[in-house]
Amino acid sequence: MDVTEILKNLNESQEQAVTSDNQHLLVLAGAGSGKTRVLVHRIAWKVQVENISPFGILAVTFTNKAAGEMRDRIETLLAQSLRGMWVGTFHGLAHRLLKMHWNDAKLPENFQILDSDDQLRLIKRVTKSLDLDDQKWPPRQSQWWINSQKDEGLRPDNIREDKDPYLSVMVKIYRSYEELCNRLGVIDFAELLLRALELWKNCPSVLAHYQNRFKHILIDEFQDTNSVQYQWLKTLSSSFSDVTAVGDDDQSIYGWRGAKVENILSFERDFKETKVVKLEQNYRSTSNILNAANAVIKRNADRLGKNLWTDLGEGEPIFLYSAFNENDEARYIVENLKSWIDQGNNRQDAAVLYRSNAQSRVIESALLQFDIPYRVYGGQRFFERLEIKNALAYMRLILNCHDDVAFERVVNIPPRGIGERTVDAVREHARNISISMWSAAKAMIVDKNLNTRSANALAAFLNLINEMSNTLEALPLSELAENSIEMSGLIEMHRREKGERGQSRVENLEELVGACKNFTPESIDTPVLAQFLDQVSLEAGERQANEDQDAVQLMTLHSAKGLEFPLVIMAGMEENLFPHKMSQNEPGRLEEERRLAYVGITRAMQKLYFTCAETRNLYGTDHFNPVSRFVRDVPKEFMKEVRLKNTVIRPTSFSTNSRISDSGDLTGFELGQRVGHHVYGEGVILNFEGNGPRARVHVSFEQVGTKILILASANLQSL
DNA sequence: AAGGCAAATGTTTTT
DNA sequence: CATTTGCCTT
C-alpha cells in the first residue's frame, strides 16, 4: 500500500491525528490549521491503510455543502468512489434513518419535514386554538422555547412545571403543537434528531444493526453539537467502535441555538482511551492577523487553551478606519475594494463581514454606485422564498393531495374566493372525523353544508389539483414544475404584481424550473418528485445561482465560519453592534461574541481592515457608539489607524441626493478646511448640516475623532 | 373576501 | 429606514 500520498505535506501533529490508532481521537484544531484536511486524510488512511470498508464509516458534518466537499476530497485523494460510506449532516442522516424505519419510529411512511416558517405557522394556530393572546405569548418565542427543549432532548412530560405559570403555558403549547404535528404527519428539524435518537433507544434491534455497521465514526465542528446530537453519538458508538471528533472551542458561535462547547470536555470523559491532538500551526494568516486574533480571544476565561502560530511572516498591519457615519464607512470600504481589484486581484478573494444582516444595505448601495459586482450570502434562501414555497406546495399536492400543510398554504393562492371562514370550517370538519382537509372539503361539497359561493370556489380548487395530478404526474420533473406554476396561476399572479418585486418572483419561479432540470435522483424506487421535495426541505439552497461570476462577498460573521479570504473587511466594529447590545449583560454571551470576533479575524489571510462609524443611523435614529472593545483589545503594534488627510475633502455621503449644504458660504468656513476648537483641538471640516441658527458642522478632530457641533456656538477658529 | 392604509417592530442561522 | 403585520373599509 502506498501511504506516501496520504501523508504527503502533513505536519507532525496532523500526521499524528491522521494515523492515530487509539480507539478514540479528539482533534483540537485552531483556525486555519488544516482541520478538514486531517479529517479527509484520516478517512483515506482508514480505507487504504487499515483496509476498512467505506461501508463501515459514518462521517458527520454541519452543512450539506461541507458534506459534499468532504466526499469529493476523499474520492479525489483515493481516486476511488466511496459508495456505501455515509456522509452527511446530523439532520440528513436522521432523515435517512427515519425514512428507513418509519414504522419503528411511529411515523407515517410519507412524513413531511417542516421548515421553521411552517413551524411558526402551526404554532400560531396552536396559540389561537388554546385561546391564548398572541401578544402575551408571542408564537416566535414559543417556537424558540419548544426548539430549545427538543435540542435538550426534553418532551413535555420531562419538564417540571413546578407551579411556574410561564412554564406551564409553554408546556401546554408544546404539547398541543406535538399533537398537531402527529396528526398532520409532519416533523420539524429538532424533531428529526430527537426522533432518530428515540428510535435507537426504543428499538434495540435497529440500534444494534447500526452499531454493527458503523464502527468508525467521524464528526466535524464538534463544538457546535447540541445535547441531542451528543447523546445520539454516544448511543451509536459501542465498545467496539472508534470515534474521531474535530473541533475548536474558540470557534463555538452557535450557543444561542443549543450548541454545547462542553461536549468537547465531556468527550474525553465519556470516550475512554481518547488521544488528544492539538493543531496549532496556522497556514492561513500573517502573524499580524494571528496576533490580533490571539489577543482578542485571550480575554475569554473558559478556554481549553491553544497557541496558534504561523511562519508566514508579519505582513501588513491591520487597518482601522473610524468613519464619520455609515455612509462614509461604506465609501471607505468600497474605495479599498476598488483599489484591491485595480491591483489585479480577484473580487471573490475579498469579503466584507458584519455582525447583522441589516448592515449590508448601505454597503450594497455603495458597491452598486461604484459598479463593483458583489454577492450577498445569507438572508433568505431560495427554497424558503414565498413564491417558491407556494409552487412547492402545489407540487406536494400533486404527489399527495392529503398533505394538509400544503393544502392550507395554497388553497387560496392566487385568491380564488376561499376565505378564512371557509378554511376554518374545512379544518374543523377534517379534525372532527380525523380525515385530511382534502377529503373533508370533498365531503362538504357533496353534503352541501357550505354556502354555494364557497362550495363552488372550493370545488374549483379540488378540480384544479385533480387536473394537475392527472396531466402532470407522469411528466419529467422540470415539465411538471413548469406546468404547475402555469396551471395554478402562480406565475400569472406575480406577473400582474407591479414593481421589481413581482418581476424577481417570476424570475425565481423560472429558476425553480431550472433547479428541477438539474436535479439528479438518488434512488430508483422512490418517485423523483418525492425525492426532490425531500431534498429541498433538507437543504434550502443558495440564494443566487450565479455562483460563477467573480464578485466581492458580503456576509455575516456567522456565515463566514469555515471560509478564508485574502482580504477581509470587518465592518461595524462598534459597541452595541458588535458585541451586540443584546449580549452585553451576560458574560457567557459576551464570550460568544468574542469568539465571533476571533472567527472573523482568522478568516483573513493577507489583509484585514476594521471599520466603524462614529455616528450610525439605525432604524431611523442616530447612534453614537464607541469603537468595539474587540478593536481596543488588539495591541497598537499590529494596527495602523487610518486618518483623514486634511488636504482631501471627504464627502460624507456617496449618494446623489447628498445633503451637503452650501451653508459653508455663509459661515466663512468651507469643507476640508482646518479649524481649531478650544476643547477638542485641531481638525478638519467634513460637512455642514442645516441652515440658520441650527446649522451644525461635522469636524474630524485629530485627538478626539469626529464631533458634530452647533456652528453658532462652537466658536471655531480657521487655521 | 379582498384590498388599502396605519401601526408595530426590528441579532446571529443551519437543518 | 423599510418591511411586515393587523385592522379597517369596501
Side-chain angles (χ1 to χ4, degrees), chain A residues 60-67 88-95 113-120 124 134-135 138-140 144 147 150-151 187-194 196 221 224-226 228-229 252-259 326-327 353-359 361-362 365 377-381 383-384 386 412-424 451 453-454 457 497 501 534-543 555-562 572 576-584 589 592-593 595-597 599-600 616-623:
Chain A
V60 191
T61 59
F62 262 79
T63 63
N64 291 298
K65 197 174 151 217
T89 62
F90 275 108
H91 292 87
L93 298 168
H95 179 245
I113 298 163
L114 283 184
D115 68 13
S116 39
D117 210 56
D118 299 326
Q119 187 186 31
L120 184 64
K124 274 183 185 155
D134 58 5
Q135 294 289 316
R140 289 206 142 278
W144 184 85
N147 286 337
K150 290 192 182 187
D151 284 344
I187 64 178
D188 59 56
F189 290 124
E191 185 77 22
L192 222 38
L193 300 174
L194 191 48
E221 309 277 16
D224 288 333
T225 48
N226 66 29
V228 167
Q229 289 164 337
S252 156
I253 54 176
Y254 286 109
W256 52 275
R257 129 185 142 191
E326 74 274 11
N327 291 321
L353 310 182
Y354 35 79
R355 175 67 236 262
S356 61
N357 283 310
Q359 288 169 251
R361 182 172 248 104
V362 206
S365 9
Y377 284 85
Q380 213 190 11
R381 274 151 310 169
F383 289 109
E384 279 171 2
L386 174 115
N412 200 33
I413 292 176
R416 45 172 73 89
I418 304 168
E420 214 179 324
R421 285 181 69 90
T422 313
V423 177
D424 281 346
N451 63 59
R453 225 161 56 144
S454 308
E497 208 176 320
R501 179 112 125 228
D534 271 344
Q535 206 218 48
V536 151
S537 28
L538 279 171
E539 49 184 295
E542 273 302 322
R543 207 177 90 100
M555 66 189 82
T556 61
L557 288 155
H558 281 91
S559 33
K561 198 178 76 167
N576 298 319
L577 211 70
F578 187 35
H580 197 276
K581 67 168 179 296
M582 294 299 191
S583 306
Q584 303 254 3
R589 304 186 82 186
E592 184 153 312
E593 295 278 316
R595 292 193 290 267
L596 195 54
V599 167
R616 182 176 296 271
N617 193 288
L618 205 60
Y619 309 136
T621 40
D622 282 338
H623 298 261

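Labels below follow one simple rule: chain letters A, B, ... track the order of the sequence lines, proteins then strands, and each chain is numbered from 1. In what follows, every heavy atom counts, from backbone to side chain, and hydrogens, waters and symmetry copies are set aside.
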| request: Answer yes or no: is there an ion pair linking A:R589 with A:E592, defined by an N-O contact shorter than 4.0 Å? | output: no
| said: From CD of A:E221 over to C1' of B:dT15, roughly how many Å is that when rounded to an integer? | reply: 14 Å
| said: Using a 3.5 Å distance criterion without hydrogens, assess whether the side chain of A:N576 forms a donor-acceptor pair with backbone atoms of A:K581. | reply: no
| message | Using atom C1' in both nucleotides, what's the gap between C:dT5 and B:dT12 to the nearest angstrom? | response | 23 Å
| Considering only heavy atoms from C-beta outward, does the side chain of A:H558 approach that of A:I253 to under 4.5 Å? | yes
| field | Atom pair distance, as rounded to whole Å: OH in A:Y377 and C1' in B:dT13 | value | 16 Å
| said: Quick check: on DNA chain B, is the nucleotide nearest A:R355 upstream (toward 5') of the one nearest A:F62, or the reverse? Name the residue that is more 5'. | reply: A:R355
| Once you round to the nearest 0.5 Å, how far does NE2 of A:H91 lie from CZ of A:F62? | 8.5 Å
| task | Mark yes or no for whether A:E326, through its side chain, and A:N617, through its backbone, hold a donor-acceptor pair below 3.5 Å. | result | yes
| task | Select base, sugar-phosphate, or nothing to describe what A:E592 touches, counting heavy atoms under 4.0 Å on all strands. | result | nothing
| message | Counting only side-chain nitrogens and oxygens, does A:S559 get under 4.0 Å of the OP1 or OP2 atom of B:dT14? | response | no
| remark: Between NE2 of A:H558 and C1' of B:dT14 the distance, given in whole Å, is 11 Å
| request: For A:R140 and B:dT11, give me the distance from atom CZ to atom P, rounded to whole Å. | output: 10 Å
| message | Using a 4.0 Å heavy-atom cut-off, does A:N617 contact any base of the nucleic acid, only the sugar-phosphate backbone, or nothing at all? | response | nothing
| message | Need two values: the first and the last nucleotide of DNA chain C, 5' to 3', having an atom under 4.0 Å from any heavy-atom of chain A. | response | C:dC1 to C:dT4
| NZ of A:K581 versus P of B:dG10: gap in Å, rounded? | 11 Å
| query | Base, sugar-phosphate, or nothing for A:T621, non-hydrogen atoms under 4.0 angstrom? | reply | nothing
| said: With a cut-off of less than 4.0 Å, is there a side-chain N or O of A:Y254 near OP1 or OP2 of B:dT11? | reply: no
| A:Q119 has an atom CD; how far is it from atom P of B:dT14, in whole Å? | 16 Å
| message | What's A:N357 touching, base or sugar-phosphate or nothing? Going by heavy atoms closer than 4.0 Å. | response | sugar-phosphate
| message | Taking any heavy-atom pair under 4.0 Å as a contact, classify A:S583: base, sugar-phosphate, or nothing. | response | base
| request: Please examine the side chains of A:V60 and A:L93, heavy atoms only from C-beta on, and report whether any two atoms are closer than 4.5 Å. | output: yes
| query | Below 4.5 Å, heavy atoms only, C-beta onward: do A:L557 and A:V599 meet side chain to side chain? | reply | no
| said: Checking contacts here: which listed nucleotide (B:dT15, B:dT11, B:dT12) is nearest the side-chain heavy atoms of A:M582? | reply: B:dT11
| request: Give one of base, sugar-phosphate or nothing for A:R416, where a contact means two heavy atoms less than 4.0 Å apart. | output: sugar-phosphate
| task | Tell me which nucleotide among B:dT13, B:dT15, B:dT11 gets nearest to the side chain of A:H580. | result | B:dT11
| query | What is the nucleic acid contact for A:Q229, judged by heavy atoms within less than 4.0 Å: base, sugar-phosphate only, or nothing? | reply | nothing
| query | With A:K150, which of A:D188, A:L192, A:L193, A:N226 fulfils side chain to side chain contact (heavy atoms under 4.5 Å, CB included)? | reply | A:D188
| task | Grab the CG-C1' distance between A:N226 and B:dT13 for me, whole Å please. | result | 14 Å
| task | Send over the distance from A:L114 CG to B:dT14 P, rounded to a whole Å. | result | 19 Å
| request: Using a strict 4.0 Å threshold on nitrogen-to-oxygen distance, state whether A:R381 and A:D115 make a salt bridge. | output: no
| task | For A:D115, answer base if it contacts any base atom (sugar-phosphate contacts may also be present), sugar-phosphate if it contacts only those atoms, and nothing otherwise; contact means non-hydrogen atoms under 4.0 Å. | result | nothing
| remark: The residue, A:R453 or A:S537, whose nearest nucleotide of DNA chain B is more 5′ is A:R453
| Taking syn as any angle within 90 degrees of 0 and anti as the rest, which one fits B:dT12? | anti
| message | From C-beta outward on A:Q135, which listed nucleotide comes closest to its side chain: B:dT15, B:dT9, B:dA2? | response | B:dT9
| query | Within the pair A:R381 and B:dT14, is there a side-chain N or O less than 4.0 Å away from OP1 or OP2? | reply | yes
| field | Closest to the A:W256 side chain, choosing from B:dT13, B:dT15, B:dT11 | value | B:dT13
